[in-house]
Structure formats: C-alpha cells, structure tokens
2 protein chains.
Amino acid sequence: MLRAAVGLADAEGVDAVSMRRLAQELGVVPMALYKHVANKDQLLDGMVDVVVGEFEPADPALDWQPAVRARVLSARRAVLRHPWARQAIESRTRRTPAVLGYMDSLAGTFRRGGFSADLTHHVMHALGNRIWGFSPELFDEPPAAGAVPPSAEEQQALAAEFAARYPHILEIAVAATGGDPSGVGAGCDEQFEFEFALDLLLDGFDRLRAQGWSSARR
Amino acid sequence: MLRAAVGLADAEGVDAVSMRRLAQELGVVPMALYKHVANKDQLLDGMVDVVVGEFEPADPALDWQPAVRARVLSARRAVLRHPWARQAIESRTRRTPAVLGYMDSLAGTFRRGGFSADLTHHVMHALGNRIWGFSPELFDEPPAAGAVPPSAEEQQALAAEFAARYPHILEIAVAATGGDPSGVGAGCDEQFEFEFALDLLLDGFDRLRAQGWSSARR
DNA sequence: AAGCTAGGTGTACGGCGTACACCTGTCAAC
DNA sequence: GTTGACAGGTGTACGCCGTACACCTAGCTT
C-alpha cells in the first residue's frame with residue numbers, strides 16, 4: 001500500500017494521492033485503506049518513512065564533517081528522487097521512528113565529532129530542513145526578467161518595468177547565469193546553492209566547536 | 001476582504017479560511033468573493049502580501065550586517081504575529097510585487113554592503129526561509145522523553161525505550177533545558193535558535209565578502 | 001433614456017476525508 | 001467439525017471543499 005502511494009506520488013504528484021484515488025489504484029474500495037492506516041495523515045507519515053528509509057546509512061569511518069556532508073547529500077538524492085517529499089516532510093508534524101532514528105544518528109555523528117550536546121542541538125537547528133536534503137526554493141523562477149524572449153514590445157515594456165522596480169533581483173538573476181542576460185529564465189543551479197550553504201554552515205560549526213562554544217558562556 | 005481573511009486566519013488558523021467560511025464572515029455569498037480574486041491561491045497571495053507589508057522598512061543608516069539582521073528580525077516579528085503565515089508563505093509559489101519588493105530591498109542591502117551580485121545571490125539562497133523570519137521547527141516537541149510526567153510505569157517504560165533507541169536526541173533535549181531533565185517537554189527557545197543560526201550565517205557571509213569570494217574562482 | 005459595468009446571488013458539479021454498519025474468508029480452540 | 005474471533009474488504013452517506021455558469025441589480029456615463 002505504501003509502495004503504491006509512493007509510486008502514485010512519484011508519477012502524478014502528492015496531490016494526486018487521495019484515499020479514493022489510491023484505493024482505485026489498488027483495485028479496492030476507499031474505505032478498505034482505513035484498515036491499514038488510521039487516517040490520511042498517517043498515510044503521509046508512512047510515505048515519508050519510505051523516503052527516509054532510502055537515506056544511506058552513516059559511514060563510521062569518516063570524520064564528522066565529511067560524514068554529515070555525505071549523509072545530507074544522500075538524503076538530498078533520495079528527496080530529489082521523490083519530488084513530492086519536500087512538501088510532505090514540511091507538512092508532517094509527527095515524528096515517526098524512522099525520522100527520529102535518522103535525526104538521532106545525525107546527532108550522534110556530531111557528538112562523536114567532539115560537539116557538546118548543547119552545540120549539537122543548535123547546529124541541527126541551524127541546518128534546519130537541510131538535513132532532509134532540501135532548502136526552500138526562494139526564487140525558483142525570477143519571472144523571466146531581462147530576457148525578452150518570444151514576441152511583442154509589450155513584453156519588453158514589462159521587462160523594463162521589472163528592471164526598474166526590482167533592479168537587484170534582476171542583477172542577481174543575471175549573475176546566476178554567469179552574466180548572460182538571455183539565460184535568466186533558466187533558474188539557478190540548486191545543487192550548487194545547496195552545497196554552498198551546507199559548507200558555509202559546516203565551516204561555521206567547525207569554528208564554534210574548535211573554540212569550545214557554549215550557549216551558557218555566550 | 002483581505003483584512004477579514006487575515007483576521008479569520010489569526011483567530012482560527014489558515015485551515016479555517018475557506019471561501020465559504022470567509023464569505024459567511026463577510027455576510028455574503030461564497031461566489032461573490034470571486035469578483036475580487038480569481039481563485040483561492042490569489043487570496044492566499046494577498047494574505048501573504050498583508051504580512052509582508054507589515055515588515056518594517058530598511059534603515060539606510062545601518063551597516064549591511066545590522067541592517068539585514070534588523071530586517072529579518074522585523075520579518076520574524078510580523079510572522080509570529082500571524083502564526084499561519086509560515087505555512088502560507090511556504091505554500092506560495094507566485095511572487096507578488098510586495099514579496100519581490102522585499103527581496104529586492106534585502107538584496108540591495110547586501111549589494112550596498114559590498115557584496116557582488118554573484119555572492120548576494122548565494123547568500124540569499126543560504127538564508128532561505130530565514131529571510132521571512134522563520135526556520136523549520138524540526139523537533140518542536142521531542143515527545144516528552146525523560147520526563148516521566150504524570151503516571152504509570154508504562155510511561156516510564158516508554159521513556160526508557162526512547163532513551164535506549166534515541167540516546168542523542170534525549171541528550172540534546174536535556175541540553176536544551178540547561179540540564180534539567182524534568183523540563184524536557186518544554187521545547188527549546190526558538191528565538192535563540194533563530195538568532196544563533198542567523199548570526200552564524202551572517203558571520204560566514206562577512207568572511208566570504210572580505211575574501212572577495214566568487215563562484216567562478218571556486 | 002440607454003447601456004455598461006461592478007458586484008452580489010443561486011444552483012450545481014465533482015472531488016475530498018471519513019463515520020458507520022455490514023459482509024466474508026481464514027484459522028485457532030474447543 | 002463446529003464455533004467464534006478477527007483481519008480485511010464493501011456500500012452508503014454526510015458534510016465539507018473550490019468553483020463554473022447563468023442570472024440579477026444598482027449606479028454611473030453618455
């Protein structure tokens with residue numbers, strides 16, 4: 001049943017996963033599903049567990065920094081395989097055993113790396129959703145700005161207004177393409193952004209760890 | 001209408017904001033609302049705009065770091081006033097003028113602070129949802145773990161099992177209360193976590209800026 | 001006076017989650 | 001070998017949701 005739900009979400013998005021639709025997919029009447037899950041929330045929980053179950057286990061041979069990095073990037077790969085997972089994870093509020101297990105193991109990596117329990121707590125908060133391998137897509141598509149792609153002057157006027165009103169966003173969008181204004185619509189390299197922020201955080205963590213940071217002494 | 005919607009969401013949560021319910025609140029028939037918004041998504045967009053409109057404007061006298069910090073913490077205050085805003089912002093995909101304006105102004109602060117367009121782009125990604133004043137609530141409530149609060153041995157057994165299975169989470173939860181195991185259920189100081197991560201990032205940004213970081217030279 | 005338009009109305013459709021009562025096949029205990 | 005528990009599938013129904021579509025009305029412009 002979970003397998004069917006995950007497959008359906010992979011194929012048609014998480015919105016397509018309704019009790020009725022899933023039941024149909026399984027050749028069964030909707031209410032039959034309720035013999036296996038208490039409600040739809042629990043179904044979503046189960047689906048998230050499937051994804052979390054795909055995270056690769058920790059490699060104990062690695063130092064904490066590469067270990068966390070590898071773990072998080074593995075999570076990212078799993079979440080990218082299931083595009084709906086981002087939304088599903090964000091909407092979940094209950095922590096299932098699989099989720100707790102993953103968080104515990106990640107916390108353990110920090111602890112073994114010499115982080116105090118205190119600092120471990122804060123750095124995991126600082127990582128936030130990045131421990132699930134995703135970060136918010138703030139400007140996924142700065143609506144095709146300077147591009148003037150297909151047609152009329154109207155489009156150009158719109159672009160000009162955008163440029164006048166949001167000059168910095170335009171600048172940024174252009175920078176994201178390496179200076180080629182015609183490629184602005186393409187969006188930016190999410191993987192690069194992700195690793196950039198991740199490494200920035202990990203470096204900051206290391207600095208705090210090295211100086212024996214503690215919330216009490218702040 | 002937006003005012004009514006925001007009020008309703010403040011009072012009863014964003015889930016209570018349905019077209020029917022909102023119409024009822026306004027003493028009007030549901031379909032009447034569609035003369036003012038194209039669909040419910042646009043209503044949500046408008047509600048987010050109201051919140052973003054409450055962000056305090058930038059103080060041009062400040063240096064970039066305190067300026068960004070103040071701006072983001074102001075956003076946080078607004079979002080905390082409207083607890084539904086977090087979820088609403090996360091679910092939005094269209095960028096309204098108010099949202100674009102805020103992002104543009106924030107980007108401008110970085111630019112004026114000496115950040116390249118390139119670096120500005122990346123640091124804004126790194127901030128992620130924190131520019132809206134919130135971060136994910138990863139473990140909002142590590143289910144009352146070591147506490148053994150009200151009653152039976154069963155509870156104690158559960159707690160013991162939790163401790164055995166998720167030792168690091170327990171450790172973290174205890175650390176969050178400053179070492180008092182009886183307060184574990186209380187959750188942690190979100191405001192502190194937020195500022196911790198924010199400052200960590202801002203410091204990292206400053207370091208990159210100072211060393212003239214560029215994605216090309218990476 | 002004529003006509004446009006902004007905005008409110010009423011009905012209806014298809015979808016959703018799920019409560020509740022019911023049926024059926026399997027299998028253990030007697 | 002019969003009985004009874006139980007896991008799991010069925011059917012009907014309720015109340016909610018977003019919204020398409022046709023209609024009405026008051027007020028303003030010309």
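Computation of the quantities below employed the complete heavy-atom set of this structure, encompassing side-chain atoms and omitting hydrogens, waters and symmetry-equivalent molecules. So that the names make sense, note that chain A is the first sequence line, chain B the second, and so on, each numbered from 1.
- Listed by residue number, the members of residues 82-91 of chain B with any heavy atom below 4.0 angstrom from DNA chain D form an empty set.
- In this structure, A:F110 and A:F205 have perpendicular ring planes: the angle between them is above 60°, well past the 30° mark.
- Residues passing the side chain to side chain contact (heavy atoms under 4.5 Å, CB included) test with A:V14, sequence neighbours excluded: A:L44, A:W84, A:Q87.
- Protein atom CE of A:M1 is 17 Å distant from nucleotide atom P of D:dA7, rounded to whole Å.
- Applying the salt bridge (charged side-chain N to carboxylate O under 4.0 Å, His left out) criterion to A:R20, with sequence neighbours excluded, gives no partner residue.
- Atom OG in B:S91 sits 13.5 Å away from atom CZ in B:R86 (nearest 0.5 Å).
- Residues A:R81 and A:D10 are not paired through a salt bridge, judged by the lack of any N-O separation under 4.0 Å between the basic side chain and the carboxylate.
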Notebook entry, point to check: In the 5'-to-3' direction, what one-character label does each nucleotide of nucleotides 8-18 of chain D receive under the scheme B = base within less than 4.0 Å of a protein heavy atom, S = sugar-phosphate only, - = no such atom?
Noted result: BBBBBB---BB
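- With sequence neighbours left out, B:R112 forms a salt bridge (charged side-chain N to carboxylate O under 4.0 Å, His left out) with no residue at all.
- Pairs passing the side-chain hydrogen bond (donor to acceptor under 3.5 Å, both in side chains) check and including a residue from residues 22-35 of chain A, sequence neighbours excluded, read A:R21-A:E25.
- Note on ring orientation: taking the six-membered ring where Trp is involved, the planes of A:W132 and A:F55 are tilted (angle from 30° to 60°).
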